[in-house]
Amino acid sequence: MRTAGIVVAGGRSSRMGRSKAWLDWRGAPLLAYVVGVVRTVVDGPVIVVGAPGQELPEVGAEVVADPVEGRGPLQGIATGLAAVGDRADAAFVASVDLPFLHPAYVRRVLALLGGHDVLLPVVHGHHQPLAAAYRVGLAGQVAALIDAGRNRPPDLFAVVDTRRVEAAELRADPALAAADPELESLRNVNTPDEYAAALDQN
């Protein structure tokens, strides 16, 4: 299975008050960190999806812009899947605000996709559509849903073969259990306080 990466960076960051892509993380923009982690696992392209006209740091990845601003994460997923085109069979999709994302998590999620359309982790009581795996062939179907005004990730999960996995199944992989036992890979930073706490922990 040929794999690609998609990093969705076009959110408004309203609670953070500034672009999360530019947040300093280990001496580089947070976007660079997330792209770098995904790149270590996938064998195909890594695509960064931004909002129209959004300024993003240079991280050595392909950058594409959503065609319409403000349609939410499903639009970013659709844009990324379309940009991968025929260069991969599946893609790991991440949000830009995952400062503790670990390669072992990315590898485990892609491995669990199997023949399904979507591998959707359900961890910490929440679905995690921006730390999940998707078949690239879904691009047209996702775009059609958005055009029909159905632009939330659950709208997609309701109509395609979605496999949901919980924390225990993710951690059944010894490599992930050793590298990220608390699944901190899924911890995002939405506010200045959350960012400060992540910096203190780093």
Side-chain angles (χ1 to χ4, degrees), residues 3-16 20-21 30-31 34-35 37-38 41-42 46-51 64 66 68-84 88-102 105-167 169-170 176 180 183-190 194:
T3 56
I6 297 167
V7 180
V8 178
R12 291 175 174 168
S13 303
S14 55
R15 285 186 285 168
M16 182 64 70
K20 289 187 276 191
L30 182 54
L31 176 61
V34 176
V35 166
V37 169
V38 174
V41 177
V42 303
V46 178
I47 306 292
V48 174
V49 181
V64 295
D66 284 330
V68 179
E69 189 172 7
R71 282 186 169 179
L74 196 58
Q75 174 71 81
I77 293 168
T79 300
L81 292 175
V84 172
D89 304 303
F92 179 84
V93 175
S95 58
V96 71
D97 60 349
L98 298 175
F100 297 105
L101 184 65
H102 195 283
Y105 175 85
V106 178
R107 194 171 291 112
R108 178 63 169 162
V109 168
L110 286 168
L112 288 171
L113 177 62
H116 302 279
D117 292 325
V118 178
L119 190 288
L120 179 64
V122 184
V123 180
H124 305 321
H126 301 286
H127 290 78
Q128 306 284 347
L130 293 180
Y134 298 78
R135 286 279 167 189
V136 171
L138 292 174
Q141 194 168 358
V142 180
L145 283 171
I146 293 167
D147 287 343
R150 300 174 63 191
N151 56 6
R152 299 170 56 250
D155 294 326
L156 173 66
F157 305 146
V159 296
V160 300
D161 177 11
T162 300
R163 181 184 178 195
R164 292 168 171 83
V165 296
E166 297 188 0
E169 187 170 0
L170 291 166
L176 179 55
D180 186 10
L183 296 179
E184 287 283 276
S185 288
L186 291 166
R187 177 178 162 191
N188 56 10
V189 288
N190 287 310
E194 290 173 352

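For the numbers below, each heavy atom of this structure counts, side chains included, while hydrogens, waters and symmetry mates do not.
The two atoms that bring L110 and A91 nearest to each other are CD2-C, 4.1 Å, heavy atoms only. Here the shortest heavy-atom pairing between A94 and L98 reads CB-CD1, 4.2 Å. Residues P121 and A131 approach most closely at CG-O, 3.4 Å, considering heavy atoms. Minimum interatomic distance between A21 and V96 (heavy atoms only, all atoms of both residues): CA-CG2, 3.8 Å. Pairing each heavy atom of E169 with each of V165, the nearest pair is OE1-CG1, 3.5 Å. A88 approaches A4 most closely through the heavy-atom pair CB-CB, 3.7 Å.
Taking CG of L186 as the reference point, atom CG of D180 lies at 7.5 Å (rounded to 0.5 Å). The distance from the CG atom of N188 to the NZ atom of K20 is 6.5 Å, given to the nearest 0.5 Å. Interatomic distance, CG of L120 versus CD of E166, reported as 10.5 Å (0.5 Å rounding). Rounded to the nearest 0.5 Å, atoms CZ (F100) and CG (L183) are 13.5 Å apart. Note that CG of L130 is 9.5 Å distant from CG of L74, once rounded to the nearest 0.5 Å. Remark: L138 CG to T162 OG1 distance equals 8.5 Å, nearest 0.5 Å.
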Do V142 and I146 pass the side chain to side chain contact (heavy atoms under 4.5 Å, CB included) test, and can you show the C-alpha distance, the side-chain angles, and the key distance before you say yes or no?
CA-CA 6 Å; V142 180; I146 293 167; 4.1 Å; yes

Which is it for V64 and I47 under the side chain to side chain contact (heavy atoms under 4.5 Å, CB included) test, yes or no, and what are the steps along the way?
CA-CA 7 Å; V64 295; I47 306 292; 3.6 Å; yes

Could you check V109 against F92 for side chain to side chain contact (heavy atoms under 4.5 Å, CB included), going step by step and ending with a plain yes or no?
CA-CA 8 Å; V109 168; F92 179 84; 4.0 Å; yes

Working note: L101 + V38, criterion side chain to side chain contact (heavy atoms under 4.5 Å, CB included); need CA distance, chi angles, decisive distance, verdict.
CA-CA 9 Å; L101 184 65; V38 174; 4.0 Å; yes

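V159 is listed as a side-chain neighbour of R150, based on a closest heavy-atom distance under 4.5 Å. A 4.5 Å side-chain heavy-atom check between T3 and V41 finds every atom pair outside the cut-off. The closest side-chain heavy-atom distance from P99 to L30 is below 4.5 Å. The side-chain heavy atoms of D66 and V49, taken from C-beta on, include a pair separated by under 4.5 Å. Between L156 and Y134 there is a side-chain heavy-atom pair separated by less than 4.5 Å. Using a 4.5 Å heavy-atom cutoff, the side chains of Q75 and N151 are not in contact. By the 4.5 Å heavy-atom criterion applied to side chains, P153 and P73 are counted as neighbours.
Residues in residues 106-129 take part in no salt bridge (charged side-chain N to carboxylate O under 4.0 Å, His left out) pair, two or more places apart or across chains.
Looking only at distances, no side-chain donor or acceptor of R164 sits under 3.5 Å from a matching main-chain atom of V122. Checking side-chain atoms of Y105 against main-chain N and O of L170 turns up no donor-acceptor pair under 3.5 Å. With hydrogens and angles ignored, the 3.5 Å screen pairs a side-chain donor or acceptor of S185 with a backbone N or O of H102.
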